[in-house]
Amino acid sequence: MKNNTSQTTIITFALISLLTINNTYAEQSNIYPFVSLGLGNTLIAPQSEGIEFNADYRPSISMGLANDWQLDENWLLTTSVALSYSSTDFEQYSNSFTINNINNQGQLKELGLWATTKVKRENLFSGALNGMSPFISVSIAAIDANYQTGAGQTDKIIPGYKITTGLEFELTSKSTFSIGVGYSDFDELSVLPNNQAVAGF
């Protein structure tokens, strides 16, 4: 019941935010909806020594509204608000003789409301590379994180942020492909596996 309530809260707040932005700036032609598909890998850092995680690559989908601001002929600033969902499978195991043997399979699901600011450098390359642009983005979020293992389940709304830099490739006038690396930090999501060790993210 708690899980459904927290997810409903995030979805409701996201829809209100998106509708408010859309209605407020409806007269501006540079406000547009977007859908984003992603694939990434997240490092899960345990709090307790002697416990490690192996996580699969994480598919994600985001939907939201964005606004472009052309700063000059070379720099584009984009702000956006989006609702994002992602899920990853992982293996939790012990690497210490002092901890009882752990070999748990689990899943981490995240439903988040993200606010992002991205700066992109256009017209840096010419010729065949003309559609390639370096970028850097900063995002903050409220995330409903749901952690499930055979030992139980933990659900918590946590704050988080991430900083990403990479390259964006223009596929068509309305679609792009980007690849990047970044750093993210979320508030701790503590869980209690079978051996009573506590892990955090």
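The first residue of the sequence shown is numbered 1, and numbering continues consecutively from there. Atom set for the values below is all heavy atoms of this structure, side chains included, hydrogens, waters and symmetry mates excluded.
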Determine, stepwise, if the pair R121 / S133 fulfils side-chain contact (heavy atoms from CB on, under 4.5 Å). CA-CA 6 Å; R121 173 63 161 89; S133 304; 5.7 Å; no
Any [X] side-chain heavy atom under 4.5 Å of [Y] side chain:
X: L111; Y: L83; answer: yes
X: D155; Y: D144; answer: yes
X: E122; Y: M132; answer: no
X: P59; Y: Y85; answer: no
X: W75; Y: Q70; answer: no
X: L77; Y: T117; answer: yes
X: L65; Y: V81; answer: no

Just by distance, no angles: are the side chains of E110 and S87 close enough, under 3.5 Å, to form a donor-acceptor pair? no
Could you state whether [X] and [Y] fall into the same hydrophobic cluster, counting links through intermediate Ile, Leu, Val, Met, Phe, Trp or Tyr residues with side-chain heavy atoms under 4.5 angstrom apart?
X: V138; Y: V181; value: no
X: I140; Y: Y183; value: yes
X: L76; Y: L124; value: no

Contacts table for residues 163-172: side-chain donor-acceptor under 3.5 angstrom, sequence neighbours left out:
from : atom 1 : to   : atom 2 : distance (Å)
T165 : OG1    : F135 : O      : 3.0
E168 : OE1    : K118 : NZ     : 2.6
E168 : OE2    : K120 : NZ     : 2.7
T172 : OG1    : K174 : N      : 3.2
T172 : OG1    : S175 : N      : 3.2
T172 : OG1    : S175 : OG     : 2.7

Test of understanding: with side-chain hydrogen bond (donor to acceptor under 3.5 Å, both in side chains), list the residues that count as partners of S84, not counting sequence neighbours. S62
Scan residues 63-74 for pairs that pass salt bridge (Lys or Arg N to Asp or Glu O under 4.0 Å), counting only residues two or more places apart or in two chains. none
What's the spacing between [X] [atom1] and [Y] [atom2] if we round to 0.5 Å?
X: N146; Y: L108; atom1: CG; atom2: CG; result: 8.0 Å
X: T176; Y: F34; atom1: OG1; atom2: CZ; result: 10.5 Å
X: N67; Y: I31; atom1: CG; atom2: CD1; result: 3.5 Å
X: W114; Y: S36; atom1: CH2; atom2: OG; result: 12.0 Å

